Amino acid sequence: MTIIATWNVNSIRARLPVVVDWLQSAKPDIVLLQEIKTVKESFPYEEIGDLGYNIALVGQKSYNGVAILAKRPIEDVLDHLPGNEGDESARYIEAVVGDVRVASIYVPNGQEVGAEQYHYKLKFLEHLREHARTLLTYDEAFVLGGDYNIAPTDEDVYDPKLWKDRIHCSQPERAAIRQIEMLGLTDLTRALHPANEPSGKDLYSWWNYRTRAWDTNSGLRIDLLLASPQAVDRLEASGIDTDPREAPKASDHTPVWCRLR
DNA sequence: ATGTCCACATTTTGTGGA
């Protein structure tokens, strides 16, 4: 049994107490972190290592940064997204842990539709799709987890009319996610919690600090676990744990998890 | 346009990013 979670922590150092609490209570086997916002030298190796986790990370000063925490050994680490070599921002780490391959991905935010960063976001997603196509040829269980910065459908948005065609919800962004899914990857949250079932209603992973969106559950579901067929065959449970979003000094994102047999 | 939270530098406030 393997619990895999993805979580944009918005600075690992600012979030350390919340992260430590959650690791102790949820006891995930593999955690995919985004926006650790630090370099290796300042990562809290001791505090997290003491909880029994191995750590692999790609760091960056101030911005971005992704990590993999795992109770089992972390092997065959890849520190960048193939095809995206010219990009120095720390947005991708992939590795093999036991019998599953995982990636922790921080897709560019995009700022606003049409911006330079928006086109960079769509280009990143093209590279991700091509890499997913390659990974599928391995015929193995893998989970690509991360902050995709895209709400795949209107069902993933608290107010679709307000967000129509805006960043996170624009048609080209949604098409990019669909094109990755159409290769044969499954959104593990929706797989067990369809939007038309009670457990699939108001299922969000991010709430804007600026609008105090948490207070009214005005969220978006932009953190995803996209899995290969071999991983889907092992899927036992999935969900979004909102407890850490309730904590003092919370991240604006909360952990999204799955359990594979 | 606004709101809040983070890192960092030139700090005891400003700037950029989300």
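Being a predicted model, the structure only gives us computed values, none of them experimental. Note on naming: letters A, B, ... go to the chains in the order of the sequence lines (proteins, then strands), and numbering restarts at 1 for each one.
Rounded to an integer number of Å, the gap from CD of A/Glu112 to P of B/dA18 is 12 Å. Look at CD on A/Gln34: it is 14 Å from P on B/dA18, rounded to the nearest Å. A/Gln111 has its CD atom 8 Å from the P atom of B/dG17, to the nearest Å. If you take CD of A/Gln60 and C1' of B/dA18, they are 14 Å apart, rounded to a whole angstrom. Here the P atom of nucleotide B/dA18 and the CD atom of A/Glu35 are 7 Å apart, to the nearest Å. B/dC6 atom C1' lies 13 Å from atom CD1 of A/Ile12, rounded to whole Å. Rounded to whole angstrom, the span from the OH atom of A/Tyr118 across to the P atom of B/dA18 amounts to 16 Å. Rounded to an integer number of Å, the gap from CG of A/Asn10 to C1' of B/dC6 is 6 Å.
Ring orientation note: the planes of A/His168 and A/Trp206 are tilted relative to one another, at an angle of 30° to 60°.
A distance of about 24 Å separates the P atoms of B/dT2 and B/dA7, rounded to the whole Å. Comparing B/dG14 with B/dG3, their P atoms are spaced 14 Å from each other, to the whole Å.
Neither OP1 nor OP2 of B/dA7 sits under 4.0 Å from any side-chain N or O of A/Arg13. Close to B/dG17, at under 4.0 Å from its OP1 or OP2, lies no side-chain N or O of A/Lys37. Applying the 4.0 Å criterion to OP1 and OP2 of B/dG16, one finds that A/Lys61 has every side-chain N and O outside that range.
Base pairing annotation: B/dT10 forms no Watson-Crick or G-U wobble pair, as no partner gives both donor-acceptor distances under 3.5 Å. Of all nucleotides present, none satisfies the Watson-Crick or G-U wobble test against B/dA1 with each distance under 3.5 Å.
Ring to ring, A/Trp7 and A/Trp22 are close: their centroids are under 6.0 angstrom apart.
Under a 3.5 Å cut-off, the side chain of A/Ser104 and the backbone N or O of A/Leu33 do form a donor-acceptor pair. No donor-acceptor pair closer than 3.5 Å links the side chain of A/Asp76 to the backbone N or O of A/Val96.
Proximity note for A/Ala14 (side chain, C-beta onward) versus B/dC5, B/dA7, B/dG17: the nearest is B/dA7. Of the candidate nucleotides B/dC5, B/dA18, B/dA7, B/dC5 has the atom lying nearest to any side-chain atom of A/Arg15. You'll find that the side chain of A/Asn109 is closest to B/dA18, out of B/dA7, B/dA18, B/dT4.
Counting heavy atoms from C-beta outward, A/Ile30 and A/Leu69 have side chains that stay 4.5 Å or more apart.
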